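Accompanying notes for the structure given below.
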Amino acid sequence: MKKGIELYSNKEIERIRKACQVVAEVLQIVAENIKPGITAWDIEQIAREEAKKRGAKPAFLNYKPPFSDVRYPAATCVSINDEVVHGLPKKTRVIEEGDLVSVDFGAIIDGYAGDSAITVAVGNVGAQKEKLMEATKLALERAVQQAVPGNWLSDIVEAIHSTAEEYGVYPILKYGGHGIGKKVHEEPFVPNNRKDLGKKNIKLRRGMVIAIEPMFSLGTEETIYDGDGWTVKTKDGSPAAHFEHTVAITKEGPKVLTEL
Ligand code: MF3
Ligand code: CO
């Protein structure tokens, strides 16, 4: 496949939903286990075990995303505080009270993929981080509502970017959502920031399945790479939040496939 956007039948969407449901279950269990003292690697192990129990293959483990030349060595992305996305889960990274922990997980069942992310507040994180989480979650909800046939990709981007503005937080540049189904990353790219949309607007059609994943930070739109080659951090060190759902665009409206 070169450029085209995949359109999925209702039958295929039900198969994508199967993978998505496992993702949702795994993330729920992971969330219940995030406490001070747990390490990022513990989260990785929980996710691997729970996926295995459900007959699913972790979608990111040994996967080479289109934006990288090398394979990702883990099943989860665990991004803490100023880490925005693609945080490599490390044995040495101990979760502490006050942390914002984003966990991103994907699963494959019978050749179809699902992808979702949550941000968990560890104990009392303070008003600013609470606001950041609320804004990011609301942006995802509003973006999902725009995922209907006949709307434009720009309607999704606008829902996300304007929510960030409303809260006085920053929509991260260059990283965003994507088509998903037979592969984890398919066309189209779904930006979180208006600047990333450019002229690439497209009309949303029934049968499209997309992962929508707003990432906001308290201080900047810009990111830098951490020394590990994967972990993306905010340029100014301010905290970030990230929520993601896989959503099918159907005749009946948006179907959030990664919701329990
Ligand atoms: N949900 C993440 C994304 O869409 C998946 C990362 S794939 C990885 O960017 F291989 F980089 F982990
Ligand atoms: Co994704």
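Just so you know, these numbers come straight off a predicted model, no measurement behind them. Just so you know, ligand 1 is whichever comes first in the structure, and atom 1 is the first atom listed for that ligand.
- Distances from the Co ion (ligand 2) to each N, O or S atom of Glu244 single out OE2 as the nearest.
- Within Asp115, the N, O or S atom at minimum distance from the Co ion (ligand 2) carries the name OD2.
- Among the atoms of Asp104, none of the N, O or S atoms falls under 2.8 Å from the Co ion (ligand 2).
- Among Val26, Ile38, Thr76, the single residue meeting the side chain to side chain contact (heavy atoms under 4.5 Å, CB included) criterion with Ile46 is Ile38.
- If you look at ligand 1, the protein residues with a non-hydrogen atom under 4.0 Å away are Phe60, Tyr63, Pro65, Phe67, Tyr72, Cys77, His86, Asp104, Asp115, His178, His185, Glu213, Trp230, Glu244.
- No hydrogens or angles considered: a donor-acceptor pair under 3.5 Å links the side chains of His245 and Thr258.
- Two residues are said to be in side-chain contact when any heavy atoms from C-beta on lie closer than 4.5 Å; Ile249 and Met208 meet this criterion.
- The distance from the OH atom of Tyr167 to the CG atom of Leu218 is 13.0 Å, given to the nearest 0.5 Å.
- What you find for Ala143 and Ile160 is that their closest heavy atoms are CB-CG1, 3.7 Å.
- For His178, the nearest N, O or S atom to the Co ion (ligand 2) falls under 2.8 Å.
- The Co ion (ligand 2) is closest to atom OE2 of Glu213 (considering only N, O or S atoms).
- When hydrophobic side chains of Ile, Leu, Val, Met, Phe, Trp and Tyr are connected at separations under 4.5 Å, Trp152 ends up as a singleton with no cluster partners.
- Nearest heavy atom pair, residue Ala240 against residue Glu83, reads CB-O, 4.1 Å.
- Aromatic ring orientation, His86 versus Phe67: parallel (interplanar angle below 30°, classes split at 30° and 60°).
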